[in-house]
Number of protein chains: 2
Amino acid sequence: MARTQGSIGAETHEKIREVAEELIAAHGYAAVSMRQIATAVGVQVGALYRYTPDKQTLLFDLMRNHLEQVQSAWDATDPTDAGPVERLEAFCRFHVRFHLDRPRAVFIAYMELRSLTPENYAVIETLRNTYEARLEAIIRDGQDLRVIRVPDARVATMALIGMLTGVTTWYRDDGRLDRGRVERIYWRLARRMVKV
Amino acid sequence: MARTQGSIGAETHEKIREVAEELIAAHGYAAVSMRQIATAVGVQVGALYRYTPDKQTLLFDLMRNHLEQVQSAWDATDPTDAGPVERLEAFCRFHVRFHLDRPRAVFIAYMELRSLTPENYAVIETLRNTYEARLEAIIRDGQDLRVIRVPDARVATMALIGMLTGVTTWYRDDGRLDRGRVERIYWRLARRMVKV
DNA sequence: GATTGAAATGAACAATTGTTCAGTTACTGT
DNA sequence: ACAGTAACTGAACAATTGTTCATTTCAATC
């Protein structure tokens, strides 16, 4: 028999995304079966295929969705008229904040690259590179204006990304520091790293 | 029929580790089957179970082995008589060098934590924490001696680890920079981050 | 109250999974 | 040459996988 609640399609679609994100982040794409997802949604396996052509696309959509949200959120935040240092501060704080707010999506976007087909991987990698290029552009601007100094702009970009993204691996909501403090500390570390 | 070459057990054992590390690093633990490993080794599935009680233990041994090697290699490198800044330089350079030399093992150690049983996870996490604690101790020593200054020793530790470990995600042997240069650049970035 | 169309079921499918083990092969020491 | 043993095979197993689809359920419309 069908669900007794009057759940319409769009709601199920959204629930599938949420549940899939949670399960995949916790156990990994290959370790989570469509049946597990269906059970967690409260539905039979077959029903999932009304919303996704296959499991791979389900993962791909999650990752693309996340990366596009990062991009557009940063576009809306980037103080493009400000100087490089101010923009760098905005970027660092944004990155930490955004990642702390979406730890599961971040996890998946960084851990499940291997699970993508080559075609899907190419799409996701392009999105990632685009985002990282924005940071690198800020650093190079700063170098040109002599308000930022680093040994190598490219390495500094990757070092910053790695350092900032790593926050998701240790931060806990019930820990010693709240998000605001963590955001501030990371920016102070970053500024020391790049200041002239 | 058995192998025609006169391969003895120890060689097969070693080959299994190598092949498993390569395959798991490339496709992930859950996505690699025992049959794939066996085929790559040049053996039938059943033969693997002469060397490992099960698949989970195979993964666990790889990870424990790697982390123990990191620890003992650092113990042999740590200039314990030197000052905190010098020790920090040694740590940063060691970490980058060691990770660039073992990208697959590093990948597995960071990506497959979810694939471990709770008991095995606890063991691996303890090893990781021990290693990270060494870095944190150096930073705190430096703070006490007023030769290192950071906003927060704990966060700085995690930021450094994240930044240094991230090198494996972008470094390519045929890239613009060789390992020595990368090692040096990372240390310069780290030093700027923590200097008083 | 009958009709419709979307939503979901539930059973089936071929393939693949980790693991076991009785049997075969190859090597070592005598 | 022979026995003993370690290494390995090859087939089998129960369970689980992603995916399909004829059928059923349900809510809205006429």
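What you see is a predicted model, and the numbers here were worked out from it, not measured in a lab. Every chain is numbered from 1 and lettered A, B, ... according to where its sequence line falls, protein lines coming before strand lines.
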Going by atom types only, do B:Arg134 and B:Gln71 share a side-chain donor-acceptor pair under 3.5 Å?
yes
Are there over 12 heavy-atom neighbours, none belonging to A:Arg184, within less than 6.0 Å of that residue's CZ?
no
Tell me whether B:Arg181 is salt-bridged to A:Asp152, with the criterion being a basic N under 4.0 Å from an acidic carboxylate O.
no
Residue A:Val45, side-chain heavy atoms: nucleotide from D:dT19, C:dA8, D:dT9 that is nearest:
D:dT19
B:Tyr49 side chain near C:dC21 phosphate (N/O to OP1/OP2, under 4.0 Å)
no
Give a yes or no on whether B:Arg179 atom CZ has more than 12 heavy-atom contacts from other residues, nucleotides or ligands under 6.0 Å away.
yes
Looking only at side-chain atoms of B:Arg50, point me to the closest of D:dA7, D:dT19, C:dT19.
D:dA7
Residues that A:Asp81 engages under side chain to side chain contact (heavy atoms under 4.5 Å, CB included), provided they are two or more places apart:
none
Cationic N near anionic O, under 4.0 Å, A:Arg87 to A:Asp141:
yes
Is the distance from OP1 or OP2 of D:dG10 to the nearest side-chain N or O of B:Gln44 less than 4.0 Å?
yes
Would A:Phe107 and A:His66 count as a close aromatic pair, with their ring centres under 6.0 Å?
no
Contact list please: residues 53-60 of chain A against DNA chain D, heavy atoms, distance less than 4.0 Å, in numerical order.
A:Asp54, A:Lys55
At less than 4.0 Å, is any side-chain N or O atom of A:Thr12 found next to OP1 or OP2 of C:dA8? Yes or no.
yes
B:Ile124 and B:Arg64: which non-hydrogen atoms are nearest, and at how many Å?
CD1-N, 3.6 Å
Would you kindly give the CG-to-P distance between B:Leu48 and D:dA7, to the nearest whole Å?
14 Å
For DNA chain C, which residues of residues 23-36 of chain B approach it to below 4.0 angstrom with any heavy atom?
B:Val32, B:Ser33, B:Met34, B:Arg35, B:Gln36
